[in-house]
Structures are given as C-alpha cells and as structure tokens.
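Report on the following structure.
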Amino acid sequence: MSNGTVNGTDGLESRFASLGINGGKAAYVPPHMRNQQQRAAPPPSNDSNGFNKGPSTPPRSFSNGGGGGGNRSFSYGGREGGQRGGWDSPRDRDGGGYGGNRDFTPRDAAGYGRWADGKHVAGARNMRMEKELYGEAADPLKQHTGINFEKYDDIPVEVTGSQEFEPVTSFTNPPLNQLLLDNIELARYTTPTPVQKYSIPIVAANRDLMACAQTGSGKTGGFLFPILSASFTVGPTPPPKSEGGYGGRRKAYPTALVLAPTRELVSQIHDEARKFAYRSWVRTAVVYGGADISLQLKQIERGCDLLVATPGRLVDLIERGRISLANIKYLVLDEADRMLDMGFEPQIRRIVEGEDMPSVNDRQTLMFSATFPRDIQMLARDFLKEYIFLSVGRVGSTSENITQVVEFVEDGDKRSVLLDVLASSAPGLTLIFVETKRMADMLSDFLMNNNLPATAIHGDRTQSERERALATFRTGKTPIMVATAVAARGLDIPNVTHVINYDLPSDIDDYVHRIGRTGRAGNTGIATAFFNGGNRNIVRGLIDLLREANQEIPPWLEEIARSSAFGGSGFRGRGGGRGGRGRGSASRDYRQSGGGFGGGGSFNSPRMGGGGFSGPPSYGNGYGNSGGGGGGGGNSWW
Ligand SMILES: Nc1ncnc2c1ncn2[C@@H]1O[C@H](COP(=O)(O)OP(=O)(O)OP(=O)(O)O)[C@@H](O)[C@H]1O
C-alpha cells in the first residue's frame, strides 16, 4: 500500500536529495530535521517560527518556509501511571463504591489529581508527562502560533440568543480555575482566541451553544476550557444510585462526552484534553472504531470522566454495558454539522435520545464547527435548548491566512499539472485531496513512481496504516499525503503549508474544511484548487468565499459563474455529494434571517423570525440512513 517513506541513515541532505521535489534546486530537508543538524540554532520565537513566512505572490509562488512535523504519535490509550476516575469519596456511599479497580492507580501518582473530602487535590507535577504533553518551547512537532494570531481579534463576532455576554479577554482566575490556567500556561497559550473568549462565559452561564468559527481558530479549547474549569471547581458526580456504582460491573459514568467524526480527530481532541486535565481529578479517555476494543476497555476502567468518542464505537460500548451516559452534564458535538448530517445522524440520535443520557434540559449541549448549513441548524434544535449562537466571522467563511489559488485544469491534465505545482512548491507538508479512496491510492502511487515521497489516508486503510500515514506525514518522511474527506475536518498538523484540491468537493463547506488544514493558529498557508467544468455546482460558493477572504478571483471563474447561472446550475453548490439532502446556505444564525421551520420542536428563542422558509420537509427520527453514492452511513467516499 502507498507509503513511500524516505528511509535510510545517510545524511539528511542525501536522504532528501532523491525526492526531486525542487528540480535542480538544493535537496529538500524538512526544517525540523534541519534543526537536528544545527542544534546550535536559536529556537524560533512564537511569532516567527519558520513555518509562517507567509506566501506573498500567488499563484504558485509557494513561499512558506514550512517544515515537517515530527514523531508526534497519537496517544491511543496506554498512558503510564494509570488513571482511575478521580472520584475519591468514601466508597460505600450509596452502597455503590467507585473504585472497581482502585489499585490500578497509585492514589497520588504524579500528574494525576483527585477529589477528596469535597475538595480538589491537584496532583504533583510530573516532568516526564509535561514533556510528553506540552513538548519543548521550540518543538516543531507542536503547532505554534503564527504572525497573524492577533488578527483573529479583528474578526467580527456575533452572539445571538436571549442573553448578552461579556467576552473573557484574558486567561485569568476568575473566571477560570487556577489549575486550568496553569495548564494553559504550560501549553504556551497567552491569549484566548475569539471563540474561546465567548464560549467561556456562555458555558459558565449554563447555556447551550452553537459556535461557528473559522478553521484553526481554537474551537477545541473553546469547549474544553469551560468544561474543565467548571469540573475542576465542582468535582465529580457519583454514579446514579440505581446503577449501583462502579463496583462489580466496572461501568464508566463520564460527565462530559465529546463526539467527533473520525478516529484521528477524537485522538487529537483527547490529546488536547489530556493537556488541560493534567494534575486534575478529571480522567480522560478516548474510544474509536478500528482499534482493539480490549485496550480501550482497560483505559476506560482506569478512569473516564471526560470521554472523547466516535459514535459507532460508543454505541458498541454502551451495548456491552461498559459505559453509561446517565451522568452526562456536558455533551459536545465537534464538527457538529458533519455529526448531524446523513452519515451520523441516526447514531447521534441513538446516543442522545435512545440511551440513558439526561434529557436536553438536564445537560448542557455544545456544538462547534466552521460551517453550519441552514438545514443542520434547524435539525440541531432537536438537541439543544434555547441556545446561544456564536459566530466568529461569517458562518462558513475561510481564514484570510490561507492564500487561495484556483487553476483551470481538465481531468486529463491534472497529473502533470500536479507535478508542476509540487515542483514549484516551497518546502513544507502538502496535503492533496481527492474524491475517492481508489484515487487516493492511485495518486500516491503515481507520485512515488515520480520519486515524490507520498502516502495516502482513507477509510479503507487499516487503523495502523492510517496511523503510520499520518506519522510519516507529520515527520516529513512523506511530506505529501493524498487524502479523502476523512482527513478534511479538524486535523491540526503543524507545518502543512499547502493544501491541493486535486478533485474539488461537491459541497462548498467541505472545501472550507479541507483548506483549513493549513493556515492555522495564525499561521499562513496556500490552497490550490484544480477546477474544471465538472465543478460548476460550487462555482458561486467558491467565488463568494474568495471575495470574502480578499482573494484573487480569476476572470474565467467569474465567466463560468455567469454562464452557469444562466444555464441554471449555479446555485451555491450544496447537497450534491453526500446523499443530497437539499441544504440551504447560512451565513449566520438562521433564526436571525427570518427563517421559520416546519415540524414540531421545543425551540422557543424570543428572536426567532417569522415563517417564510419552509425548508426540507422533515428531519424527524424517521430520517433514514439512505444516502447513496458518496454518503450515508457507509462513508464510502472516505
Ligand atoms: N488561545 C490559544 N493560543 C495559542 N494557540 C491556540 C489557542 N487556542 C488554540 N490554539 C492552537 O491553535 C490550533 C488550532 O486549534 P483547534 O484545532 O482547536 O482549531 P479549530 O478551530 O478546532 O479548527 P478546525 O475547524 O479545523 O477543527 C491548535 O494547534 C491549538 O493548539
């Protein structure tokens, strides 16, 4: 299978000389490996880390000084020291007992805290863990903030709903718990991003939230910070009496559940959760399909207060009686629009409505994404109560940190144009998106046959193949990765300087997420799209995005938009690719744009607009999993 790593133990220059990426130019060596050669070099500063020398003159002048990642591995369970749940009250309360395998974890294992006698007892520092979780200051394997980080503050924020909120402009106590602040400092975050500034007070006010902010602008912290801060302060909730505690059955009762669509993403979120839960009583766990369930069960037994999960594996563990959702206080849907579209909605309904999760009134529900189509906003009301809608910038907009280039390329010319584009790319990691798994394999093989070290990631690869592909990509061993949509959302890989849409998606929101793998945390990046007549359905959406992000719009593209509109296919391209629930675009909270909705529902926002929009007929429980072709539950396009 495709995984053309650069092997061998020769000098770095010669290792990379064979890659031929830069034609006759000096051999490419990923910057992080150059650092290994030049240990004396001073560490990069936060805003000048060598990965964000912004591109200046598109197209094709890819001037980012990007670098390879490093050997950052996903933490699929198995941490040292063990971590049983943090509840440390008398075992015999309510007859249950919370310590099925209490001996698993030394009570005072460094790095892990506990809750004792109604108080939070922070664990001792553990330098080994700190190094693993936070890396070194100049660690090229970690994402560093880029030159444009402060510019996030210029993006207009809109908060709609029945309450106003003062943003939290700095990381301080109050409102945040001191232990969380210590961990935020260890993570080297100095200022909250806009989405974090608002999510902190909104969640603290016990409100449900639908939050929309651009890719790479810190949404993960946006939900982790307020949840962890409150958890550290309030402490754990004992299992319900009726369940009898952990005792015999070793069932876990998480209080926070984060659902996300892919294995890689849940692992990444879990890594972040571990960072910020360090030394606290909160034990984190991650479960996802395709990996050994017994290892995940062991991990859950060690403690599972904050659980990050893909829906399918979670359902499996609930069915096995190993996880109960009865204690959930916080439910987070990350990439919420993806989680509620045709592929996942039935599973989400089962988890949220068909198991023992507290009702919408007895939990807080938070949804985050960079895109929220109107139909999904309407569907989401089934899971939220009188929510606040937070948008940083226009819903579904792209970051100006990404320089977008659109090239007209007929299908038959794509391969040779790709070689040209890669040859003129500056060093850095390049992510290439294609529409099918077969194409992902074929294209990575083609690249390797042309001496370009590439790997592929898609849904047909085994878990270990996927992990290896990501690892070799991060480290720059294969600085090119060909991917299907499975890698489109959420992944935060440092030094991805170039995203190429070899095949454009049929949904403009998918384009937004794909190109969002570059230009993160204030860094800059380039996104190149190969456009041709087959992509007419997204031309209007694409032009809107380009205009909004102050990008150059090729005249030929506007010409196609004009002729497409005339020919009737120029709608803002949604709904083609994944089963085709006709999706309406939304640039903001749909309640603000006069959109009513059919069907029942308990939604009662005072600001809800009057009728007018009849919308898709029904999104009730009967919504099947019938997405054909590209979509549905089978995820066959991944
Ligand atoms: N306050 C902060 N200060 C510095 N860096 C931050 C801050 N918040 C988040 N980051 C970093 O920014 C990067 C992007 O954050 P994150 O992955 O949460 O983005 P996102 O908005 O969820 O993106 P996506 O829409 O692609 O899922 C991460 O590397 C994260 O560590």
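Both counts, for ligands and for their atoms, begin at 1 and track the order of listing. Basis for what follows: all heavy atoms, side chains included, without hydrogens, waters or symmetry-related copies.
- The nearest heavy-atom contact from the protein to atom 8 (N) of ligand 1 is Gln196 NE2, 2.9 Å.
- By the 3.5 Å distance cut-off applied to N or O atoms, Gly221 is not counted among the residues near ligand 1.
- Ring planes of Tyr387 and Phe389: tilted class, angle from 30 to 60°.
- Using a 4.0 Å cut-off between a side-chain N of Lys or Arg and a carboxylate O of Asp or Glu, Glu400 and Lys151 do not qualify as a salt bridge.
- Using 4.0 Å as the threshold, Arg489 has no heavy atom nearer than that to any atom of ligand 1.
- Geometrically, ligand 1 and Pro192 share no nitrogen or oxygen pair separated by less than 3.5 Å.
- The shortest N or O to N or O distance between Arg520 and ligand 1 is under 3.5 Å.
- In this structure, Arg517 has a heavy atom closer than 4.0 Å to ligand 1.
- Checked options Ile538, Ile376, Val395, Thr371; the residue passing with Asp509 is Thr371 (criterion: side-chain contact (heavy atoms from CB on, under 4.5 Å)).
- Each salt bridge (charged side-chain N to carboxylate O under 4.0 Å, His left out) pair with one or both residues in residues 189-213, not counting sequence neighbours, appears once here: Asp153-Lys197, Asp208-Lys385.
- Under a 4.0 Å criterion applied to the non-hydrogen atoms of Glu335, ligand 1 contributes the atoms 27 (O).
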**OP:** Check step by step if salt bridge (charged side-chain N to carboxylate O under 4.0 Å, His left out) holds for Arg489 and Asp337.
**Re:** CA-CA 11 Å; Arg489 286 192 178 242; Asp337 55 331; 2.9 Å; yes
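- Within ligand 1, counting atoms from 1 as listed, the ones closer than 4.0 Å to a heavy atom of Gln214 are 21 (O).
- Looking at Lys275 next to ligand 1, no N or O pair under 3.5 Å apart turns up.
- Distances between N or O atoms of Gln268 and those of ligand 1 include no value under 3.5 Å.
- In this structure, Ala213 falls outside the shell of residues with a heavy atom less than 4.0 angstrom from ligand 1.
- Nearest protein heavy-atom contact of atom 29 (O) of ligand 1 is Asp492 OD2, 2.5 Å.
- Closest to atom 11 (C) of ligand 1, if we only count protein heavy atoms, is Tyr189 OH, 3.8 Å.
- Remark: side-chain polar atoms of Gln404 are not paired, donor with acceptor, to backbone N or O of Gln551 under 3.5 angstrom.
- Contacts between Thr145 and ligand 1, counted as non-hydrogen atom pairs separated by less than 4.0 Å, involve the side chain only.
- For the residue pair Tyr152 / Gln214, no side-chain donor-acceptor distance below 3.5 Å is found, with atom types taken as modelled.
- Here the two rings, on Phe171 and Phe225, have centers that are under 6.0 Å apart.
- Applying the salt bridge (Lys or Arg N to Asp or Glu O under 4.0 Å) test to Glu158 and every residue at least two apart in sequence or in another chain returns Arg588.
- Using a non-hydrogen distance threshold of 4.0 Å, Phe149 registers as a contact of ligand 1.
- Annotation: atom 21 (O) of ligand 1 to nearest protein heavy atom, Lys219 NZ, 2.8 Å.
- What sits closest to atom 23 (O) of ligand 1 on the protein, heavy atoms only, is Gly216 N, 2.8 Å.
- Between Arg514 and Glu435, at least one side-chain nitrogen of the basic residue sits less than 4.0 Å from a carboxylate oxygen of the acidic one, meeting the salt-bridge criterion.
- Residue Thr220 touches ligand 1 through backbone and side chain together, judged by heavy-atom distances below 4.0 Å.
- Taking a cutoff of 4.0 Å between a charged side-chain nitrogen and a carboxylate oxygen, Lys275 and Glu272 qualify as a salt bridge.
- A donor-acceptor pair shorter than 3.5 Å cannot be found between the side chains of His498 and Thr518.
- Each of the atoms 29 (O) of ligand 1 lies under 4.0 Å from some heavy atom of Gln143.
- Here Thr191 has backbone heavy atoms under 4.0 Å from ligand 1, and that is the only part of it that gets that close.
- When each of Thr284, Asn183, Leu180, Leu306 is checked for a side-chain contact (heavy atoms from CB on, under 4.5 Å) with Leu224, only Leu306 meets the rule.
- Counting heavy atoms closer than 4.0 Å to ligand 1, residue Arg188 contributes nothing at all.
- Given atom 12 (O) of ligand 1, the protein heavy atom at minimum distance is Ala521 CB, 3.3 Å.
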